[in-house]
Amino acid sequence: MYRLLILDMDGTLLNRSKIVTPAVRLSLETLIGKGVKVTIASGRFPASVWLHGQHIGMNCPLIALNGAVILDTATGRCLHGYPLRPDAALHAAKLAAEAGVYIHFYGYNRLYVEALNAMNAVWPLANVVRREDAALTWDNYRSQAELIEVKPVGSLAKFAETAEAPLYKATVISDRADALNSLYDELRSCGEFVLTRTGTRRFDINASGVSKRSAAELVCRMQGIIAEETAAIGDYDNDVEMLSWAGLGIAMANGSEAAKQAAAALTASNEEDGVALAVEKYFTI
């Protein structure tokens, strides 16, 4: 019945250690071998999505940066991009600076930061395909990590105003819940962004109209597939629209309440091979 499976990454495809477990990988490889299209829809960098797609042998255009980028499965090159408008990126950077909270911008496999710090300097390592037998160090994952560059640019407001390359997404991070929530509300009231919570201390900013759902709809058109022939699995708020749109939306047991309410079905957690169990239940393999 389902010709396409769309997978979120963190909290869904990956377990808590950010690893694709052998059971999940085998289930997806088997599904692909049966001719079903399998892809990723993630907030991560294109390089990270592409690396994981290659790891599993995915056979459908991939979705990165919450739908702002659709990329070729084989080469990792951009097929479609939907960046923030320069004036909108400038506005977000200014408001974040005024609120005194951290923000950074995503180019195509480049992270633009005001200055390097202990968190953002290791951001590329958080995007590699991890192995159980290799500690997360630069020496073990250098060839993958070097696909993503962290670039300090000073004032992000000045940078956003003059940036020559597209800025596809921004992320705001803060341990100050009051400041984070206040900025979220202020940006939402602008009406020029799509905001999605991606954790208790962070949210993402995309251009108006951009979402995993909007990208999934385009991928379906590219593949000649309708929504009713699509299954999607996710765990968090940036998956909600995609889960409610798909012919079958499946939420992870470890997912947010919003994701569970949007989905038509529930599978086990990412620590219990929930993706593999969903494939076994809803696909004939």
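- In this structure the side chain of His52 reaches within 4.5 angstrom of the side chain of Arg44, judged on heavy atoms.
- Note: Tyr112 and Phe159 meet the aromatic proximity criterion, with ring centroids under 6.0 Å apart.
- The closest donor-acceptor contact from the side chain of Thr30 to the backbone of Leu26 lies under 3.5 Å.
- Remark: Arg131 is positioned above the aromatic ring of Tyr141, its terminal NZ or CZ atom under 6.0 angstrom from the ring centre and at most 45 degrees off the axis.
- Two residues are said to be in side-chain contact when any heavy atoms from C-beta on lie closer than 4.5 Å; Ile103 and Leu95 fail this criterion.
- Of the possible donor and acceptor atoms, none in the side chain of Asn127 sits under 3.5 Å from a partner among the backbone N and O of Ala145.
- Leu266 contributes atom CG, which lies 11.0 Å from atom CG of Leu277 (distance to the nearest 0.5 angstrom).
- Here the side chains of Val24 and Leu13 are in contact, with some heavy-atom distance below 4.5 Å.
- Side-chain contact between Asp10 and Lys18: present, with at least one pair of heavy atoms (C-beta onward) separated by less than 4.5 Å.
- Under the 4.5 Å side-chain heavy-atom criterion for grouping Ile, Leu, Val, Met, Phe, Trp and Tyr, Val219 is not connected to Trp50 through any hydrophobic cluster.
- Linking Ile, Leu, Val, Met, Phe, Trp and Tyr whenever their side-chain heavy atoms come within less than 4.5 Å puts Leu183 and Leu195 in one cluster.
- No continuous path of hydrophobic side-chain contacts links Val210 to Leu167 [ILVMFWY only; heavy atoms under 4.5 Å].
- Judged purely by atom type and a 3.5 angstrom limit, Arg85 has no side-chain atom pairing as donor or acceptor with the backbone of Ser208.
- Put simply, the side chain of Pro61 does not reach to within 4.5 Å of the side chain of His80, judged on heavy atoms.
- Between Arg221 and Glu217, none of the side-chain N atoms (NZ, or NE/NH1/NH2) sits under 4.0 Å from a carboxylate O, so this pair counts as no salt bridge.
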Practice task
Would you sort out whether Ile63 and Ile40 count as a side-chain contact (heavy atoms from CB on, under 4.5 Å), showing the intermediate values?
Solution key: CA-CA 6 Å; Ile63 298 167; Ile40 290 170; over 6 Å; no
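- Under the 6.0 Å distance and 45° angle rule, Arg197 counts as a cation-pi partner of Tyr184.
- Around the CZ atom of Arg201, the shell of radius 6.0 Å holds more than 12 heavy atoms that belong to other residues, nucleotides or ligands.
- The environment of NZ in Lys94 is sparse: at most 12 heavy-atom neighbours from other residues, nucleotides or ligands sit within 6.0 Å.
- Taking the side chain as every heavy atom from C-beta outward, Trp138 and Leu125 approach each other to under 4.5 Å.
- A donor atom on one side chain and an acceptor atom on the other are not found under 3.5 Å apart for Thr21 and Asn15.
- With Ser269 contributing its side chain and Ala253 its backbone, the two residues share no donor-acceptor pair below 3.5 Å.
- Between Asp72 and Arg77, none of the side-chain N atoms (NZ, or NE/NH1/NH2) sits under 4.0 Å from a carboxylate O, so this pair counts as no salt bridge.
- Both Val275 and Leu62 are part of a single hydrophobic cluster, where members link through side-chain heavy atoms under 4.5 Å apart.
- Pairing each heavy atom of Ala47 with each of Ile148, the nearest pair is CB-CG1, 3.9 Å.
- Rounding to the nearest 0.5 Å gives a distance of 6.0 Å between NE2 of His91 and CD of Glu192.
- Evaluated for a side-chain contact (heavy atoms from CB on, under 4.5 Å) with Asp8, the options Leu243, Asp235, Ile233 yield exactly one hit, Asp235.
- Side-chain contact check for Arg176 versus Leu180: every heavy-atom pair is 4.5 Å or farther apart.
- Contact check for Phe45 versus Leu147: no side-chain heavy atoms found under the 4.5 Å cut-off.
- Linking ILVMFWY side-chain heavy atoms closer than 4.5 Å, directly or via other members, places Trp123 and Val129 in a single hydrophobic cluster.
- Counting only N and O atoms by type, the side chains of Asn117 and Tyr102 include no donor and acceptor under 3.5 Å apart.
- No donor-acceptor contact under 3.5 angstrom links the side chains of Thr198 and Asn238, judged on distance only.
- Between His104 and Tyr106, the angle of the ring planes goes over 60°, which puts this pair in the perpendicular group of the 30/60° scheme.
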